[in-house]
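Heads up, the thing below is written out as structure tokens.
Residue numbers start from 1 in every chain, and the chains themselves are labelled A, B, ... in the order their sequence lines are given, proteins ahead of strands. Heavy-atom basis, side chains included; hydrogens, waters and symmetry copies ignored.
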There are 2 protein chains.
Amino acid sequence: MAAVTIKDIARLLNVSASTVSRALKGSPEIGRETVARVQETARRLNYRPNKAALSLLNARTRTIGVIVPNLGYHFFARALQGVEDEARERGYTVIACQSLEAAEKEVRNVEDMRRSGVDGLLISLAQHTRDLRHLKELQGQMPVVMFDRVSDALSFSRVFVNNVSAAFGAVEHLVKVGCRRIAYLAGPADMMISNHRMEGFRMAVARHRRKVTDARVVHTEFDQPTAMRSAMSMLRRKDRPDGIFAVSDRVAIGAMEAARKMGIAIPDELAIVGFNDEPIASLISPSLSSVRQPTLEMGRMSTRLLIDQIEAGEGFRPVIRTYMTRLIVRASSRRGSKPSKT
Amino acid sequence: MAAVTIKDIARLLNVSASTVSRALKGSPEIGRETVARVQETARRLNYRPNKAALSLLNARTRTIGVIVPNLGYHFFARALQGVEDEARERGYTVIACQSLEAAEKEVRNVEDMRRSGVDGLLISLAQHTRDLRHLKELQGQMPVVMFDRVSDALSFSRVFVNNVSAAFGAVEHLVKVGCRRIAYLAGPADMMISNHRMEGFRMAVARHRRKVTDARVVHTEFDQPTAMRSAMSMLRRKDRPDGIFAVSDRVAIGAMEAARKMGIAIPDELAIVGFNDEPIASLISPSLSSVRQPTLEMGRMSTRLLIDQIEAGEGFRPVIRTYMTRLIVRASSRRGSKPSKT
DNA sequence: AAAACCAACGCAAACGTTTGCGTTCACGGG
DNA sequence: CCCGTGAACGCAAACGTTTGCGTTGGTTTT
């Protein structure tokens, strides 16, 4: 049970602990033969440096904390994978937890992370986080990087996609397949990504104002049941939309569900485009058009920025990285032309 | 940047570090007034005990490691949530990572966990893990609990559902809706959960042998494309099955996909039942019948067992906890009677 | 042969916290 | 007045590791 320490090796070989320590890292100060004996013994005894001792010495844990809204969203599970990959390569450990979209839980998560002594924090905001004090406190205290669900009220590094042009492209696509009354099924009113996508939505509508006769925005939540109800009340109106751009795939699927219950045909009476291109998008029927992000790469990059900042120390300015997206067109928004596979 | 330590408080109050330490835990050895002053100062300075120092002292990290095949499977994401809840309540930190169903990665994960000095390990095996040496090594070294994807070749505590009777119930259900040629779309041949479900499958077939004219088992993998190909080659045969019980929802969805491509109607020509009842089961169309497990509770229980074992020390015998499942019948296996909602 | 040098190693402090065992002081009892 | 007592606190070691600065020998230089 008791782990083998440097002292054990030292005692066994009749040398001092410092010699063992140096020998283990192949210091030139130590004799060739001693180095060999130490390393062999260490291997034989399965020696592992005690992390706590190292942390104590360096005042660093080589651990980063990750807080995401929900690992059940494939987007975040995948991003986390990128985070883990990069972290491992740089010799860091990852401790992850979920806010479950609840602001209070996010605050607790941050608190836990601080207590755990992480060297840095990677966070994607819960949908209802408005009060940012728990993060503001960290400024100047600990390196922080935000990704996807970011906020520009904080001066942290940020990684996200070009939401404006992504939304613009998606909405323009809806126009091109013939939609005339287009709705944006948005997230909470104060979320940056939701608002940026709204801006793209508005730009596309403006650009095609001769074709688009109606454009509206409906705010809802990221969970599917709520999204479905919002979509339903919207679709009940006389002048209901014939095209929906949704802030996420979950929300889009909520809208599809609503349409199905009301007997509205997709894509003919209602075309839908989602966001994130989760695997489920190609599984449901009709398959869902969606905007794809380089999720894995974004997780990697966020981690790279974070660790760079950790290792750079004080002199590090916040950095912003934006990625390009790609619209994947599927059955939910394919009209007129002959249907093809996917 | 530099965190405030006990020494800082001591210096500030002109007392010794030991006094501060004792005062912080309200030791009766310390004067009332001193305790008050220390605690007030600690709060004001936002003092947090240094985890590394504590770990070094107690030879414990109050951290548990979790290794799951894939957080993209909703089942594991949800189980992790149960783990986090329980761990937080007991004052433990969780570090999670994914094997991505790859045995080598699982070995690396275990290695990382050991290096991180976790107090215990919670693991659900990758589908291709046959060589269990990396876990066998841990016996007697560190508390380990396995869940869902367990193995009885190791003497660790285990948490899982009654796979035999769950499978029995699912297959019997298929028989009752009229299936006569039933197939079990299994996982890899040496996986315990897959084999237990096979046993239930066989028992149900035996029980209804007067009705079931054909029963077969096809082994495949947990990823959907592979599962789809396996299903396709099975469905191409002249005497193709009219009922499929799949080892997981992903595999079941692969089978649905295969059926769709081949123009086989679900549920009329082919009824399907999956396992896990992931959210996607009710989203796809037709909606998928599936066996539901108490996932959250299983995550919680696994963690409880693990922490109990950690805190009990040597004298702890492995424990086995099994949970009951519930078959959720949906459109993919509903025949004959009038269709109802869900 | 003395001085200088180098290779090879040991000593001890430091990181932050806890804890067993002092030490100090005031006070009460005899 | 002296001793015992107990309250309130300090000292120092310990956990495992690293690292600056010794301290040994022995070998080379002049």
Let me have the donor-acceptor pairs involving side chains of residues 17-32 of chain B, under 3.5 Å, with sequence neighbours excluded, atom names and distances please.
unit_1: B:Ser18; atom_1: OG; unit_2: B:Ser16; atom_2: OG; d: 3.0
unit_1: B:Thr19; atom_1: OG1; unit_2: B:Ser16; atom_2: OG; d: 3.1
unit_1: B:Ser27; atom_1: OG; unit_2: B:Glu29; atom_2: N; d: 3.1

Identify, with sequence neighbours excluded, every residue that meets side chain to side chain donor-acceptor pair (under 3.5 Å) alongside A:Tyr47. none
Show me the pairs that pass salt bridge (charged side-chain N to carboxylate O under 4.0 Å, His left out) and involve residues 77-87 of chain A, at least two apart or across chains. A:Asp85-B:Lys105, A:Glu86-A:Arg90, A:Glu86-A:Arg300, A:Glu86-A:Arg304
Residues at least two apart in sequence or cross-chain that pass side chain to side chain donor-acceptor pair (under 3.5 Å) with A:Ser55, listed by chain then number, are none
Can you give me the closest heavy-atom contact between B:Phe156 and B:Gln139, atom names plus distance? CZ-CG, 3.6 Å
Look only at the side chain of B:Ser99 and the backbone of B:Glu106, and say whether a donor-acceptor pair between them is shorter than 3.5 Å. no
Using a 4.0 Å cut-off to any heavy atom of chain B, which nucleotides of DNA chain C are the first and last in contact, reading 5' to 3'? C:dC15 to C:dG20
Quick check on A:Arg130: does its CZ atom have over 12 non-hydrogen neighbours (other residues, nucleotides or ligands) under 6.0 Å away? no
Backbone N or O of B:Gln293 within a donor-acceptor pair of the B:Thr295 side chain at under 3.5 Å? yes
For DNA chain D, which residues of residues 32-62 of chain B approach it to below 4.0 angstrom with any heavy atom? B:Thr34, B:Leu56, B:Leu57
The helix from C:dA1-D:dT30 to C:dG30-D:dC1: angle between end helix axes, five pairs per end, rounded to 10 degrees: 70°
Return all side-chain donor-acceptor pairs below 3.5 angstrom for residues 119-127 of chain B, not counting sequence neighbours, or 'none' if the list is empty.
unit_1: B:Asp119; atom_1: OD1; unit_2: B:Thr61; atom_2: N; d: 2.9
unit_1: B:Asp119; atom_1: OD1; unit_2: B:Thr61; atom_2: OG1; d: 3.2
unit_1: B:Asp119; atom_1: OD2; unit_2: B:Thr61; atom_2: N; d: 3.2
unit_1: B:Asp119; atom_1: OD2; unit_2: B:Arg62; atom_2: N; d: 2.6
unit_1: B:Ser124; atom_1: OG; unit_2: B:Phe147; atom_2: O; d: 2.9
unit_1: B:Ser124; atom_1: OG; unit_2: B:Arg149; atom_2: N; d: 3.3
unit_1: B:Gln127; atom_1: OE1; unit_2: B:Phe222; atom_2: N; d: 3.2

For DNA chain D, find the residues of residues 16-29 of chain B with a heavy-atom distance under 4.0 Å and give them by number; none if there aren't any. B:Ser16, B:Ser18, B:Thr19, B:Arg22, B:Glu29
Under the side chain to side chain donor-acceptor pair (under 3.5 Å) rule, collect the residues that match up with A:Asn46, sequence neighbours excluded. A:Arg48
Applying side chain to side chain donor-acceptor pair (under 3.5 Å), can you list everything that pairs with B:Arg133, at least two apart in sequence or on another chain? B:Asp131
Show me the donor-acceptor pairs, under 3.5 Å and distance only, between side chains in residues 3-10 of chain A and residues at least two apart or in other chains.
unit_1: A:Thr5; atom_1: OG1; unit_2: A:Lys7; atom_2: N; d: 3.1
unit_1: A:Thr5; atom_1: OG1; unit_2: A:Asp8; atom_2: N; d: 3.3
unit_1: A:Asp8; atom_1: OD2; unit_2: A:Thr5; atom_2: N; d: 2.9

